Amino acid sequence: MLDYRRIINKSLHYIEKKLTDRMSVEDISDRSCYSLFHYHRIFQSIIGLNVKQYIRKRRLTEAANELTFTNKKIIDIARKYQFDSQESFTRAFKKEFNVTPGKLRREKKTYAKFNRLRLTIAETKGESVKPEIKTLDSFKVVGMKCRTTQKENKIPELWNKFNPLANSIKNRDMSFGCLGVCFYVSNVNFTDETEFEYMACRKVSDAEEIHPEMEAYTLPQQKYAVFKHIGALDTLGETYHKIHAEWLPQSGFEMAEADEFELYNDEFKFGEADSVMYIYIPVK
């Protein structure tokens with residue numbers, strides 16, 4: 001049975017051993033036997049940070065400890081924790097702790113430490129997510145795409161543009177609602193600044209007479225774990241965390257390297273506590 005928490009624990013141990021060495025996300029993900037994209041999604045869902053963010057926070061915390069408790073030169077500490085120059089170290093340090101390395105050393109200021117994480121390997125208590133497993137035949141969608149990043153996030157802007165035109169799409173499936181498709185990204189070092197494609201769309205029986213600002217796409221036949229999210233979208237991250245950190249490790253399924261999507265039908269009520277939407281996670 002897969003246990004993603006054990007995999008991430010091994011990654012955290014490896015990162016700790018290599019804090020003062022050169023390491024890449026590829027080095028870490030290779031030890032998990034997953035693609036970079038898949039590994040990034042698992043790591044970020046469980047830890048709440050991407051791999052690079054976690055490494056940077058750990059290195060800066062250990063550097064801060066050395067600034068406080070040793071007399072080593074700042075440049076030597078910077079180089080030890082893989083910063084190319086004292087200037088780049090100072091910029092990162094001030095961004096993390098809101099104080100320069102020199103001022104922290106002189107004034108012995110307190111700082112918010114980011115200590116090594118250790119995941120507890122135990123059964124999850126409390127309410128858990130229980131999906132329905134569905135296999136969908138190949139189907140066509142018509143809608144609007146954008147290229148974005150997690151940091152930039154053009155998705156709300158895309159929906160604002162798409163929503164007024166959604167019901168004008170010809171041959172749309174009236175029973176299926178709107179979809180937000182996140183296209184699979186293969187073999188990249190996925191961070192908050194990595195570009196990916198997203199599509200706001202409707203399922204259609206055929207893709208003739210498309211609006212000039214729209215395009216067609218075909219999702220292939222795929223097996224999905226379908227999760228229900230109840231409530232406002234600001235708690236959506238909690239549902240995704242339960243999917244990746246709780247359900248997947250115990251399910252016997254692996255994530256497939258395929259597109260995933262969210263479904264918004266008549267049960268969806270933006271901002272309402274009883275709003276319902278569905279998350280389709282490709283599995284194998």
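Note that the structure is predicted; figures quoted are calculated from it, not measured.
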With side chains defined as the heavy atoms from C-beta onward, is the minimum distance between [X] and [Y] less than 4.5 Å?
X: Asp259; Y: Met199; value: no
X: Lys80; Y: Lys72; value: yes
X: Glu157; Y: Thr148; value: no
X: Leu219; Y: Leu136; value: no
X: Trp247; Y: Pro131; value: yes
X: Lys154; Y: Tyr198; value: no

Going by distance alone, is a donor N or O of one side chain under 3.5 Å from an acceptor N or O of the other, for Asn65 and Thr68?
no
Search all heavy atoms of Met144 against all heavy atoms of Lys161 and return the closest pair with its distance.
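Closest approach of Met144 to Lys161, heavy atoms only: SD-CG, 3.8 Å.
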If two hydrophobic side chains count as joined below 4.5 Å and joins carry through other members, does [X] share a cluster with [Y]?
X: Ile281; Y: Leu233; answer: yes
X: Val185; Y: Ile155; answer: yes
X: Val181; Y: Met255; answer: no
X: Leu117; Y: Ile8; answer: yes
X: Val204; Y: Tyr264; answer: yes

Using a 4.5 Å cut-off between side-chain heavy atoms of Ile, Leu, Val, Met, Phe, Trp and Tyr, which other residues end up in the same hydrophobic cluster as Ile77?
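The other cluster members (ILVMFWY side chains, heavy atoms under 4.5 Å, direct or chained) are Leu60, Leu67, Ile74, Tyr81, Phe83, Phe89, Phe93, Phe97, Val99, Leu104, Tyr111.
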Taking atom [atom1] of [X] as the centre, does the number of heavy atoms from other residues, nucleotides or ligands within less than 6.0 Å exceed 12?
X: His211; atom1: NE2; value: yes
X: Asn98; atom1: CG; value: no
X: Asp206; atom1: CG; value: yes

Is Lys242 close enough and on-axis enough to Phe227, meaning under 6.0 Å and within 45°, for cation-pi?
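Cation-pi check for Lys242 and Phe227: fails.
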Near-ring test Trp159/Phe270, centroid separation under 6.0 angstrom:
no
Taking the six-membered ring where the residue is Trp, are the ring centres of Phe261 and Tyr224 under 6.0 Å apart?
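Judged by ring-centre distance (under 6.0 Å), Phe261 and Tyr224 do meet the cut-off.
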